Peer 1: 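Okay, handing you the structure first.
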Amino acid sequence: MNRAVYPGSFDPFTNGHLDVTERGATIFDELIVAVLINSEKRAMFSVEERQMMVREAVVHLPNVKVMSFEGLLVDFMRQGRSRVILRGLRALSDFEYEFQIAQMNKQLAPETETFFLVTDARYSYLSSRGVKEVFQFGGSIQEFVPPGVFRRMRERILPKKMA
Ligand code: ADP
């Protein structure tokens, strides 16, 4: 069984993440989307909310599982007996960061391999951070995120707007 792990903060899960997941699911027998429980990064959504949103978005992909993890990714990989880390690459700016993490993970766990999927041009500008910024200033984010994520983000802002 060829199992890969796609780790990330996914705060929130965007159409770019979904595209990487869908393509990854055609390459590997099983793909685990692993939501990072990040203690220092201030997240918009709790890890439970983020997991739920990913689950809704990948419901059409039977070989994709959604989990969360804390601490070192390589420890999570070893527990799940998975060797392949799937990541997405957008621009050169991603490359430096991704290159560092991939080499660090290799150092920590030589059996791991990081597998990169180059973003689909339609999503090359798309980031969770960008989506949150547009959303905070009242812009439309409907075309950037899966419908379930859009719904939850809208619910989040409504009580404030009504107050
Ligand atoms: P991080 O893990 O650094 O917190 P994210 O959760 O935003 O980052 O993203 C997880 C992974 O998905 C990273 O490898 C990131 O480069 C990739 N990714 C994010 N947005 C896109 C996109 N639009 N197209 C392709 N890959 C993407």
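When a residue number appears, it is its place in the shown sequence, counting from 1. In each ligand, atom 1 is the first atom listed, and ligand 1 is the first ligand listed. Computation of the quantities below employed the complete heavy-atom set of this structure, encompassing side-chain atoms and omitting hydrogens, waters and symmetry-equivalent molecules. None of these values were measured; they are calculated from a predicted model.
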Peer 1: Would F116 count as a contact residue for ligand 1, given that I'm defining contact as a non-hydrogen atom of the residue lying under 4.0 Å from a ligand atom?
Peer 2: no

Peer 1: Using the rule that two of Ile, Leu, Val, Met, Phe, Trp, Tyr join whenever any of their side-chain heavy atoms come within less than 4.5 Å, decide whether V33 and V74 are in one cluster.
Peer 2: no

Peer 1: Is the shortest distance from a heavy atom of Y6 to ligand 1 less than 4.0 Å?
Peer 2: yes

Peer 1: Let me know which of D120, L117, T14 forms a side-chain contact (heavy atoms from CB on, under 4.5 Å) with D19.
Peer 2: D120

Peer 1: Under 4.0 angstrom from ligand 1, any heavy atom of T14?
Peer 2: no

Peer 1: Are any of the N/O atoms on S127, whether in the backbone or the side chain, positioned under 3.5 angstrom from an N/O atom of ligand 1?
Peer 2: no

Peer 1: Could you list the atoms of ligand 1 found under 4.0 angstrom from a heavy atom of G8?
Peer 2: 2 (O), 6 (O), 10 (C)

Peer 1: Numbering the atoms of ligand 1 from 1, which are under 4.0 Å from a heavy atom of Y123?
Peer 2: 22 (C), 23 (N)

Peer 1: I need the atoms of ligand 1 closer than 4.0 Å to a non-hydrogen atom of F10, numbered in the order shown.
Peer 2: 6 (O)

Peer 1: Hydrophobic clusters here meaning ILVMFWY residues chained together by side-chain heavy-atom distances under 4.5 Å, can you tell me if V66 and V47 are in one?
Peer 2: yes

Peer 1: Given 3.5 Å as the limit, does a donor-acceptor pair link the side chain of R3 with the main chain of E30, or not?
Peer 2: no

Peer 1: What class does the angle between the rings of Y6 and F10 fall in, given that below 30° is parallel, 30 to 60° is tilted and above 60° is perpendicular?
Peer 2: perpendicular

Peer 1: I'd like to check which ligand 1 atoms, numbered from 1 as shown, lie under 4.0 Å from a non-hydrogen atom of H17.
Peer 2: 5 (P), 6 (O), 7 (O), 9 (O), 10 (C), 12 (O), 18 (N), 19 (C), 20 (N)

Peer 1: What are the atoms of ligand 1, with element, lying closer than 4.0 Å to any heavy atom of Y97?
Peer 2: 3 (O)

Peer 1: Determine whether any heavy atom of R129 lies closer than 4.0 Å to an atom of ligand 1.
Peer 2: no

Peer 1: Salt bridge check: are D94 and R87 linked by an N-O gap of less than 4.0 Å?
Peer 2: no

Peer 1: Donor-acceptor check, side chain of R50 to backbone of L36, threshold 3.5 angstrom: yes or no?
Peer 2: yes

Peer 1: Identify which of S9, S93, S124 has a heavy atom lying nearest to atom 1 (P) of ligand 1.
Peer 2: S9

Peer 1: Can you find an N or O of V20 that's nearer than 3.5 Å to an N or O of ligand 1?
Peer 2: no

Peer 1: With clusters defined by side-chain heavy atoms of hydrophobic residues (ILVMFWY) lying less than 4.5 Å apart, directly or transitively, does L86 cluster with F76?
Peer 2: no

Peer 1: Using modelled atom types only, decide if a donor and an acceptor are shared between the side chain of R83 and the backbone of E113 within a distance under 3.5 Å.
Peer 2: no

Peer 1: Pick one of side chain, backbone, both or neither for how L126 approaches ligand 1, counting any non-hydrogen atom pair under 4.0 Å.
Peer 2: both

Peer 1: Regarding ligand 1, does P7 bring an N or O atom to under 3.5 Å of one of the ligand's N or O atoms?
Peer 2: no

